[in-house]
Amino acid sequence: MALDTSIAVLVVDDYKTMIRIIRNLLKQLGFEDVDDATDGTEALGKMKERRYGLVISDWNMEPMTGYELLKQVRGDSSLSKTPFIMVTAESKTENVIAAKKAGVNNYIVKPFNAQTLKVKIESVFGV
Amino acid sequence: MGQLHADDCIPVASRELDAIVEATEAATNTIMSAAEAIMAADPSDPDAYRTEVNDRIVAIFEACSFQDITGQRISKVVETLNRLDTRISTLVERLKLIEGTTLEPGESASDRRRRELILHGPQLNGAGVNQDDVDALLR
């Protein structure tokens with residue numbers, strides 16, 4: 001089964017450089033339809049306007065963190081099934097466990113490479 | 001101020017700065033190596049050339065993620081400096097008014113937010129979990 005790269009992806013990070021990096025890596029994987037947001041509040045607003053097939057989010061952002069965004073998404077019946085990957089420098093065990101309990105589909109610690117991003121996205125979609 | 005040292009904040013800030021220097025050096029070397037490899041790539045085989053250049057470009061993108069991590073480390077150091085500044089200012093004020101007063105800093109709003117939202121920031125080498133550990137936790 002091949003990865004469906006036609007889905008819309010939302011990248012959420014307060015560092016514009018990181019958004020550019022992830023966007024370019026996604027392009028390498030074939031994902032062309034990529035939007036971005038710089039914190040959870042902006043991301044949630046975009047998710048209410050448009051359906052995304054995948055959210056890739058940082059954790060540490062203000063005013064809304066990626067962790068709060070994840071909980072909001074899972075708590076909203078119209079968004080709850082959205083695949084959600086956390087990509088973050090938060091690398092304490094309690095972060096990973098908290099994200100797992102909140103319903104994250106996968107978790108990537110920064111710094112990461114293109115192969116890790118590819119494998120984790122494929123894993124989320126069962127490829 | 002004793003609390004700041006007891007919490008290891010100042011030595012940790014120093015190690016964060018060391019980590020920043022290491023990370024920027026490593027990223028610079030990766031980017032330069034990739035650029036050198038691109039310059040040296042043999043264009044006589046277009047497919048092989050395209051693959052080599054593409055792989056090196058991906059390596060450059062990956063290396064550029066240092067800016068995110070170092071930015072977060074710098075924020076942690078700035079926060080420590082701000083806390084130090086606040087404590088010193090408080091100490092100076094108290095010493096002017098009453099001698100021998102015990103300082104009770106309590107938890108600031110930013111400390112509470114960090115605790116409630118599990119915000120630790122990037123960890124020093126060996127202090128956080130790696131990707132294999134994360135994968136094991138998620139199984």
Side-chain angles (χ1 to χ4, degrees), chain A residues 13-29 40 58-71 85-120 123-124, chain B residues 16 19-20 22-27 29-31 34 50-51 53-76 79 109-110 112-139:
Chain A
D13 201 302
D14 56 345
Y15 274 83
K16 296 260 168 76
T17 304
M18 185 52 64
I19 289 177
R20 253 176 100 174
I21 290 168
I22 296 176
R23 184 187 284 277
N24 278 298
L25 293 179
L26 287 171
K27 195 169 177 181
Q28 294 277 325
L29 295 174
D58 186 18
W59 185 303
N60 195 343
M61 301 177 288
E62 290 193 29
M64 185 189 287
T65 66
Y67 178 51
E68 290 171 298
L69 171 63
L70 171 61
K71 289 195 285 186
I85 297 177
M86 199 75 80
V87 177
T88 173
E90 296 292 344
S91 60
K92 290 253 185 193
T93 302
E94 64 168 327
N95 290 90
V96 182
I97 292 171
K100 183 180 177 182
K101 282 186 181 165
V104 81
N105 295 99
N106 225 320
Y107 195 109
I108 300 173
V109 287
K110 291 175 180 174
F112 62 96
N113 59 37
Q115 182 62 18
T116 299
L117 182 64
K118 177 175 184 280
V119 165
K120 298 312 174 194
S123 169
V124 166
Chain B
E16 294 282 0
I20 288 167
E22 283 172 24
T24 51
E25 183 181 351
N29 285 333
T30 300
I31 291 166
R50 193 177 300 116
T51 300
V53 168
N54 204 60
D55 287 349
R56 296 300 174 174
I57 287 172
V58 169
I60 290 172
F61 287 140
E62 290 169 356
C64 286
S65 67
F66 82 93
Q67 191 258 345
D68 178 358
I69 309 277
T70 55
Q72 292 185 53
R73 292 199 189 282
I74 289 168
S75 294
K76 285 168 83 172
E79 208 172 293
S110 64
R112 185 169 59 249
R113 183 174 188 272
R114 262 201 310 279
R115 177 175 50 78
E116 288 173 355
L117 297 174
I118 327 175
L119 298 170
H120 300 291
Q123 296 303 299
L124 295 169
N125 278 343
V129 294
N130 61 30
Q131 190 60 54
D132 289 338
D133 296 333
V134 171
D135 296 344
L137 286 165
L138 292 180
R139 271 186 223 117

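Each chain gets a letter, A, B and so on, in the order the sequences are listed, and its residues count up from 1.
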Step by step, would you call B:Leu138 with A:Val96 a side-chain contact (heavy atoms from CB on, under 4.5 Å)?
CA-CA 8 Å; B:Leu138 292 180; A:Val96 182; 4.0 Å; yes
Apply side-chain contact (heavy atoms from CB on, under 4.5 Å) to B:Gln131 and A:Ile108, showing your working.
CA-CA 7 Å; B:Gln131 190 60 54; A:Ile108 300 173; 3.8 Å; yes
Residues B:Ile118, A:Trp59; criterion side-chain contact (heavy atoms from CB on, under 4.5 Å); working and verdict
CA-CA 9 Å; B:Ile118 327 175; A:Trp59 185 303; 3.9 Å; yes
Decide side-chain contact (heavy atoms from CB on, under 4.5 Å) for B:Glu116 and A:Thr65; before the verdict, give the C-alpha distance in whole Å, the side-chain angles of both, and the deciding distance to 0.1 Å.
CA-CA 11 Å; B:Glu116 288 173 355; A:Thr65 66; over 6 Å; no
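Both the backbone and the side chain of B:Leu117 come within less than 4.5 Å of a heavy atom of chain A. For A:Met86, no part sits under 4.5 Å from any heavy atom of chain B, backbone or side chain. Neither the backbone nor the side chain of A:Asp14 comes within less than 4.5 Å of any heavy atom in chain B. In this structure, the portion of A:Thr116 lying under 4.5 Å from any heavy atom of chain B is its side chain and not its backbone.
A side-chain donor-acceptor contact under 3.5 Å links A:Glu90 to the backbone of B:His120.
Interface with chain A: from residues 53-60 of chain B, residues B:Asn54, B:Val58 qualify, criterion being any non-hydrogen pair under 4.5 Å.
Once rounded to the nearest 0.5 Å, the distance linking CZ of B:Phe66 with CE of A:Met18 reads 10.5 Å. The CG atom of B:Asp133 sits 12.0 Å away from atom OH of A:Tyr107, with the distance rounded to the nearest 0.5 Å. With values rounded to the nearest 0.5 angstrom, B:Gln72 atom CD is found 6.5 Å from A:Thr88 atom OG1.
The candidate with the highest count of non-hydrogen atom pairs below 4.5 Å against chain A, out of B:Ala127, B:Ala23, B:Cys64, B:Ala63, is B:Cys64. Interface remark: of the candidates A:Glu94, A:Lys120, A:Lys92, A:Lys16, A:Lys92 forms the most heavy-atom pairs closer than 4.5 Å to chain B.
By the 4.5 Å heavy-atom criterion applied to side chains, B:Leu137 and A:Lys100 are not counted as neighbours.
Nearest heavy atoms, B:Arg113 versus A:Pro63: NH2-O, 3.3 Å. Of all heavy-atom pairs spanning A:Ala89 and B:Ile69, the tightest one is CB-CD1, 4.0 Å.
For CZ of A:Arg20, the number of neighbouring non-hydrogen atoms (other residues, nucleotides, ligands) closer than 6.0 Å is 12 at most.
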